[in-house]
Amino acid sequence: MIQFELETDRSLFQGAMQFAQAQIRTFVDEEPDVYPIHTESGRWKHSDAAWSVWCDGFLPGMMWIFQKYAGPGSPESDRWMDLAVRYSKPLEERKFDRDSHDLGFLFLPTYLRWYGITGRPEVRQTMIQAGQTLAERFQDPGGYLRSVAADNSIYIDIMMNVSLIFYAARETGDRVLRDIAVKHSLTTRKVLVRGDGSVAHEGIFDIETGEFLHQTTQQGVRADSCWARGLAWAIYGFTISHEYSRDPRFLETAGACADFFITHAGPDGMPSWDFNAPADTRKLVDTSAAAITAAALLRLCRLVSDPMKGHFYFSTAVRILRTLCDKYLAKGTDGWQGIVKGGVYHMHKNLGVNESVIWGDYYFVEALDMALRQMRS
């Protein structure tokens with residue numbers, strides 16, 4: 001019975017991966033050199049202005065995954081390699097971007113994978129420079145990387161970017177960089193993660209003294225709510241911080257956040273866009289938060305010491321992916337360019353609500369790839 005379910009899931013996930021590749025191929029043929037953020041009525045290219053530029057790494061990131069998935073030396077692999085390089089190269093100038101806390105979202109899906117495949121030293125150097133640039137956002141009073149909102153602000157999202165600094169520290173042996181990454185992770189753990197494993201989106205400090213003042217939010221329901229995508233960022237981010245630092249506190253935090261997600265998501269693994277959403281929007285799920293969490297759990301399951309807990313995290317990730325494939329895949333929806341429906345970008349700005357969002361598609365593809373590899377091992 002278990003073997004039958006494994007084969008069924010493998011077949012389902014392989015089909016979803018093929019569909020994802022077909023969607024990306026069609027899009028880049030129809031709209032070359034466009035870096036999408038969210039769809040509008042299923043279409044990536046639309047009239048809504050991009051109010052923040054943090055997503056350009058996700059489309060080429062999927063291309064790098066497809067290149068490796070196709071297998072070395074195949075014509076399909078070569079085609080994806082050409083596209084991945086073409087869409088990754090324009091990001092290089094952002095390695096000096098001191099105005100963004102999201103450099104990890106740009107370079108981890110792209111240049112990190114690029115270097116892993118080719119070993120090109122200039123690609124590695126781009127990663128190192130981007131990590132050094134991001135570290136310049138560190139506020140010593142308070143011990144955190146400041147968000148784009150203000151110098152006194154910290155976002156839970158930054159946990160997804162701090163591993164870029166960990167990477168630069170490891171590659172250069174720079175202990176100052178490593179200390180910045182560790183301190184930011186510890187500060188986030190202290191001020192944004194609550195005792196039950198839920199998280200706040202944003203925290204505010206006294207810029208002069210570094211004293212933490214209060215939690216607040218930009219995208220959640222309210223300051224004391226738990227915005228689903230923020231929780232997903234926390235699960236993934238603390239997992240990666242543990243991978244780099246081997247600090248058990250980060251593993252403990254990742255597990256606490258994962259357990260909150262699993263406990264409060266629906267039976268199919270889908271979370272409401274905010275776990276404290278009011279009644280009128282409570283049934284609106286965010287599939288991107290689910291996809292991020294699936295990818296995070298597939299990393300976390302191999303790090304926890306309890307094999308039963310590890311199997312539970314793996315099984316939960318598979319259940320989430322199964323739901324995304326069965327209920328939310330855009331397959332069969334005429335004219336829909338995204339891969340996964342049901343994502344939520346920004347509720348308050350009414351952007352990308354119940355649409356495809358490019359990070360949701362990316363982490364869905366990443367999770368599919370990891371699940372399929374773990375099923376083979």
Side-chain angles (χ1 to χ4, degrees), residues 12-63 65-66 80 83-84 87 105 109 219 227-229 232 266 268-274 277 280-295 320-369:
L12 181 66
F13 298 166
Q14 288 172 340
M17 185 68 90
Q18 291 169 1
F19 172 71
Q21 291 177 76
Q23 291 291 88
I24 298 301
R25 276 194 216 98
T26 301
F27 175 67
V28 299
D29 287 344
E30 293 178 351
E31 303 287 351
D33 302 311
V34 171
Y35 293 83
I37 299 177
H38 66 89
T39 61
E40 183 180 294
S41 300
R43 308 294 294 180
W44 286 122
K45 191 176 181 182
H46 45 73
S47 59
D48 284 353
W51 63 282
S52 178
V53 183
W54 63 279
C55 296
D56 290 359
F58 296 125
L59 178 61
M62 283 188 277
M63 295 169 180
I65 294 173
F66 297 152
W80 284 120
L83 281 170
Y87 278 78
F105 284 133
Q219 296 200 48
W227 174 51
R229 191 163 83 242
D268 58 0
M270 295 299 106
S272 172
W273 72 276
D274 188 298
D280 59 334
T281 63
R282 191 169 300 147
K283 292 183 179 180
L284 179 66
V285 303
D286 181 6
T287 56
S288 75
I292 298 160
T293 299
I320 291 171
L321 287 174
R322 192 183 302 132
T323 300
L324 292 174
C325 291
D326 285 340
K327 295 184 179 180
Y328 296 97
L329 209 62
K331 194 172 186 177
T333 305
D334 188 44
W336 197 283
Q337 293 180 313
I339 298 167
V340 180
K341 297 179 176 182
V344 175
Y345 182 9
H346 202 306
M347 276 289 291
H348 306 313
K349 294 179 182 291
N350 195 31
L351 293 174
V353 177
N354 197 21
E355 293 280 349
S356 292
V357 291
I358 194 63
W359 61 89
D361 284 1
Y362 170 79
Y363 287 105
F364 174 66
V365 167
E366 181 182 272
L368 285 175
D369 183 54

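Computed from a predicted model, the values in this text were never measured in an experiment.
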At what distance, to the nearest 0.5 angstrom, does [atom1] of [X] lie from [atom2] of [Y]?
{"X": "Asn350", "Y": "Tyr345", "atom1": "CG", "atom2": "OH", "result": "13.0 Å"}
{"X": "Met347", "Y": "Gln219", "atom1": "CE", "atom2": "CD", "result": "11.0 Å"}
{"X": "Trp359", "Y": "Arg229", "atom1": "CH2", "atom2": "CZ", "result": "4.5 Å"}
{"X": "Gln23", "Y": "Leu329", "atom1": "CD", "atom2": "CG", "result": "8.0 Å"}
{"X": "Gln21", "Y": "Ile65", "atom1": "CD", "atom2": "CD1", "result": "10.5 Å"}
{"X": "Leu351", "Y": "Ile37", "atom1": "CG", "atom2": "CD1", "result": "9.0 Å"}

In this structure, which one of Thr281, Asn354, Thr287, Asp286 forms a side-chain hydrogen bond (donor to acceptor under 3.5 Å, both in side chains) with Trp273?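 Running side-chain hydrogen bond (donor to acceptor under 3.5 Å, both in side chains) over Thr281, Asn354, Thr287, Asp286 with Trp273 returns exactly one hit, Thr281.
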For [X] versus [Y], what's the shortest heavy-atom pair and its separation?
{"X": "Ala290", "Y": "Pro271", "answer": "CB-CD, 3.9 Å"}
{"X": "Ser288", "Y": "Val357", "answer": "CB-CG2, 3.5 Å"}
{"X": "Ala20", "Y": "Val365", "answer": "CB-CG2, 3.9 Å"}

Test side-chain contact (heavy atoms from CB on, under 4.5 Å) applied to [X] - qualifying residues, sequence neighbours left out:
{"X": "Glu31", "value": "Phe27, Val34, Lys45"}
{"X": "Thr26", "value": "Glu30"}
{"X": "Asp33", "value": "Arg86, Tyr87"}
{"X": "Ala291", "value": "Leu324, Tyr363, Phe364"}

Under a 4.5 Å cut-off applied to non-hydrogen side-chain atoms, are [X] and [Y] in contact?
{"X": "Asp326", "Y": "Leu12", "result": "yes"}
{"X": "Trp44", "Y": "Leu59", "result": "no"}
{"X": "Ile320", "Y": "Met270", "result": "yes"}
{"X": "Tyr35", "Y": "Cys55", "result": "no"}

Can you name the residues that form a salt bridge (Lys or Arg N to Asp or Glu O under 4.0 Å) with Asp280, not counting sequence neighbours?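 If we apply the salt bridge (Lys or Arg N to Asp or Glu O under 4.0 Å) test to Asp280, skipping adjacent residues, there are no hits.
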List in chain and number order the residues that pass salt bridge (Lys or Arg N to Asp or Glu O under 4.0 Å) with Arg282, two or more places apart in sequence or in another chain; answer none if no residue qualifies.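 Salt bridge (Lys or Arg N to Asp or Glu O under 4.0 Å) list for Arg282, sorted by chain: empty.
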List for me each residue that meets ring-ring contact (aromatic ring centres under 6.0 Å, His included) alongside Phe105, sequence neighbours excluded, and say none if there are none. Trp54, Phe58, Trp233
Which residues share a ring-ring contact (aromatic ring centres under 6.0 Å, His included) with Trp80, sequence neighbours left out: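 Checked Trp80 against ring-ring contact (aromatic ring centres under 6.0 Å, His included); matches are Phe66.
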Which residues pass the side chain to side chain donor-acceptor pair (under 3.5 Å) test with [X], not counting sequence neighbours?
{"X": "Asp274", "value": "Ser225"}
{"X": "Lys327", "value": "Asp268"}
{"X": "Glu355", "value": "Thr39"}
{"X": "Ser356", "value": "Trp336"}

